[in-house]
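A short worksheet on the structure shown next.
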Amino acid sequence: VATVRTLFLYARGADDFDAYLGTLPLGLSWADSRADVEAKLGVPNKTGGNGAISYWASWDALGIGITYWTTDVSDLSTRPHHLAFYEPRK
């Protein structure tokens, strides 16, 4: 029996994928800036990238991780590159 552990949804052009066209959960949109996302979801409990790789943030209690188009950790105008959904963790 196969079990899906993580579901990835990509924005248009991310890693040569077409955009996921369905409705995104939690009121999110591909047009949301990082500031918009954090206003909707709150402060992420984990972040990374540190300027070396794309900035990412996760909300483990919600079971969502978002990687953004930028490596700049202070860029609040960047948009989601892809979203990862997984089983929520405490």
Side-chain angles (χ1 to χ4, degrees):
V1 173
T3 302
V4 175
R5 301 262 182 216
T6 307
L7 173 70
F8 292 91
L9 304 178
Y10 288 85
R12 177 179 217 100
D15 299 336
D16 295 323
F17 287 102
D18 285 331
Y20 172 75
L21 298 178
T23 302
L24 297 177
L26 304 171
L28 298 174
S29 164
W30 293 120
D32 286 342
S33 67
R34 180 178 149 203
D36 295 332
V37 170
E38 292 182 9
K40 292 176 181 182
L41 303 183
V43 176
N45 67 294
K46 286 192 249 178
T47 61
N50 302 321
I53 61 172
S54 294
Y55 176 80
W56 59 267
S58 62
W59 294 260
D60 288 340
L62 298 174
I64 185 171
I66 300 177
T67 299
Y68 293 92
W69 285 96
T70 186
T71 58
D72 182 352
V73 300
S74 64
D75 183 358
L76 294 176
S77 67
T78 188
R79 308 231 182 282
H81 178 275
H82 66 272
L83 289 71
F85 295 94
Y86 49 87
E87 185 175 347
R89 301 178 207 134
K90 293 181 182 187

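Hydrogens, waters and symmetry mates play no part in the numbers below; they use all other heavy atoms, side chains included.
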How would you list all residue pairs meeting salt bridge (charged side-chain N to carboxylate O under 4.0 Å, His left out) that involve residues 14-32, not counting sequence neighbours?
->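 Passing the test, one end in residues 14-32: D32-K40.
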Side-chain heavy atoms of F85 within contact of L9, under 4.5 Å |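 A side-chain contact under 4.5 Å exists here.
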Does the W30 side chain pair with the main chain of Y20, one donor and one acceptor, at a distance under 3.5 Å?
->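 Yes: the side chain of W30 pairs with the backbone of Y20.
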Determine, step by step, whether W59 and I66 satisfy the side-chain contact (heavy atoms from CB on, under 4.5 Å) criterion, reporting the C-alpha distance in whole Å, the side-chain angles of both residues, the deciding distance to 0.1 Å, and the verdict.
-> CA-CA 9 Å; W59 294 260; I66 300 177; 3.9 Å; yes
Please say yes or no: joined through hydrophobic side-chain contacts below 4.5 Å, possibly via intermediate residues, are [X] and [Y] part of one cluster?
X: V37; Y: L7; value: yes
X: L28; Y: W56; value: no
X: L62; Y: Y86; value: no
X: Y10; Y: L24; value: no

Under 6.0 Å from the six-membered ring centre of F17 and within 45° of its axis: does the NZ or CZ of R12 meet both?
->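 The answer is no; the distance or angle limit is not met.
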Minimal non-hydrogen separation, [X] against [Y], with atom names:
X: T47; Y: P44; value: CG2-CG, 3.7 Å
X: D60; Y: N45; value: N-OD1, 2.8 Å
X: V73; Y: G51; value: CG1-N, 4.0 Å

Restricting to pairs with a member in residues 66-84, which pass side-chain hydrogen bond (donor to acceptor under 3.5 Å, both in side chains), not counting sequence neighbours?
->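 Checked against side-chain hydrogen bond (donor to acceptor under 3.5 Å, both in side chains) - neighbours excluded - the pairs reaching residues 66-84 are T67-H82, D72-S74, D75-S77.
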